[in-house]
Amino acid sequence: MKDNQFFKKVYQVVLQIPIGKVTTYGAIAKFLGSPQSSRMVGWALNKLNCIDIPAHRVVNRQGLLTGKYHFGSTSLMQQLLENEGLLIKDNQVQFLKNVFWDPNKELN
DNA sequence: ACGGTGACCACTT
DNA sequence: TAAGTGGCCACCG
């Protein structure tokens, strides 16, 4: 698969997210070199919804858990995040700015 | 083979 | 200030 690189990078980035931190689809997309292809990131995670990838640490720009319905249980994603010390309210990560982890800044 | 769709984001009315 | 629309690229029916 030629898009393996895209997947791989998403995979790598998500795996590098520290505990208690989250990133956004847009940030990852930008890191991949296609700032406009944030949809692909979500799509990639959808296909890579393996347990090996902590996709629960990836949220949208507003911090909303938009992909929670793809985790099987809507509460699972929230539980996982809360378990990492994050505060979730109304399907949204509180203090997102505080726990935001930017791959472009942290990874290079 | 083709069109619709998607875990989104940013710019333009 | 809020709502609408375009763009991105791969998968599924």
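Small disclaimer: the values here were computed from a predicted structure and weren't measured. So that the names make sense, note that chain A is the first sequence line, chain B the second, and so on, each numbered from 1.
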Peer 1: Is the charged tip of A:Arg57 near the ring of A:Phe100: under 6.0 Å from the six-membered ring centre and within 45° of its axis?
Peer 2: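 Output no; distance or angle outside limits.
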Peer 1: In the structure I gave you, are the side-chain heavy atoms of A:Val13 and A:Phe31 within less than 4.5 Å of one another anywhere?
Peer 2: yes
Peer 1: According to a strict under-4.0 Å criterion, is A:Lys47 in side-chain N/O contact with OP1 or OP2 of C:dC12?
Peer 2: yes
Peer 1: Applying a 4.0 Å non-hydrogen cut-off, can you work out what A:Phe71 is touching in the nucleic acid: base, sugar-phosphate, or nothing?
Peer 2: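 If one applies the 4.0 Å heavy-atom cut-off, A:Phe71 turns out to touch a base.
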Peer 1: What about A:Trp43 and A:Tyr25, are their ring centers closer than 6.0 Å?
Peer 2: no
Peer 1: When we call it a touch if two heavy atoms are under 4.0 Å apart, what does A:Asn60 touch: a base, just sugar-phosphate, or nothing?
Peer 2: sugar-phosphate
Peer 1: Sticking with atom P, work out how far C:dT5 lies from B:dT5, rounded to a whole angstrom.
Peer 2: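 Nearest-Å result for C:dT5 against B:dT5 at atom P: 16 Å.
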Peer 1: Counting the atoms with a prime plus P, OP1 and OP2 as sugar-phosphate, which does A:Ala55 contact under 4.0 Å by heavy atoms, base, sugar-phosphate, or nothing?
Peer 2: base
Peer 1: Could you please name the option among B:dA10, C:dC8, B:dA7 that lies closest to any side-chain atom of A:Ser37?
Peer 2: C:dC8
Peer 1: How many whole angstroms separate atom CG of A:Leu64 from atom C1' of B:dG6?
Peer 2: 17 Å
Peer 1: Looking at the base of B:dC8, is there any donor atom on it, or on the side chain of A:Ser38, that sits under 3.5 Å from an acceptor on the other one?
Peer 2: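 Under the 3.5 Å cut-off, the side chain and the base do form a donor-acceptor pair.
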Peer 1: Within the 4.5 Å heavy-atom criterion, are A:Val14 and A:Ile28 side-chain neighbours or not?
Peer 2: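 Yes - at least one pair of side-chain heavy atoms lies under 4.5 Å apart.
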Peer 1: If you check every side-chain atom of A:Trp43, which of C:dC8, C:dC11, B:dA7 has the closest atom?
Peer 2: C:dC11
Peer 1: Rounded to whole angstrom units, what separation is found between the CZ atom of A:Phe100 and the P atom of B:dC9?
Peer 2: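 After rounding, the reported distance stands at 10 Å.
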Peer 1: When rounded to the nearest Å, what value does the distance between P atoms of B:dG4 and C:dG6 take?
Peer 2: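 To the nearest whole Å, 14 Å.
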Peer 1: To the nearest Å, how far apart are A:Asn46 CG and C:dC12 C1'?
Peer 2: 12 Å
Peer 1: What I want to check is whether an N or O donor and acceptor connect the side chain of A:Arg39 with the base of C:dC8 at under 3.5 Å.
Peer 2: yes
Peer 1: In whole Å, I'd like the distance from the CZ atom of A:Phe6 to the C1' atom of B:dC8.
Peer 2: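 Spelled out: CZ on A:Phe6 to C1' on B:dC8 is 11 Å.
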Peer 1: Is the distance from OP1 or OP2 of B:dC8 to the nearest side-chain N or O of A:Thr66 less than 4.0 Å?
Peer 2: yes
Peer 1: Take the protein atom NZ of A:Lys30 and the nucleotide atom P of C:dC9, then report the distance between them rounded to whole Å.
Peer 2: 17 Å
Peer 1: Could you state the atom-to-atom distance from CE of A:Met40 to C1' of C:dC11 in whole Å?
Peer 2: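 Going from CE in A:Met40 over to C1' in C:dC11 covers 9 Å.
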Peer 1: Do A:Val58 and A:Leu96 sit in the same hydrophobic cluster, where Ile, Leu, Val, Met, Phe, Trp and Tyr count as joined when their side-chain heavy atoms come under 4.5 Å apart?
Peer 2: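 They do not share one cluster, since no chain of ILVMFWY contacts under 4.5 Å joins A:Val58 to A:Leu96.
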Peer 1: In this structure, how many angstroms lie between the C1' atom of C:dC9 and the CG atom of A:Leu45, rounded?
Peer 2: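 In whole Å, C:dC9 C1' and A:Leu45 CG are 15 Å from each other.
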Peer 1: Could you state the CD-C1' distance from A:Gln36 to C:dT5, rounded to the nearest angstrom?
Peer 2: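 Interatomic distance, CD of A:Gln36 to C1' of C:dT5: 13 Å.
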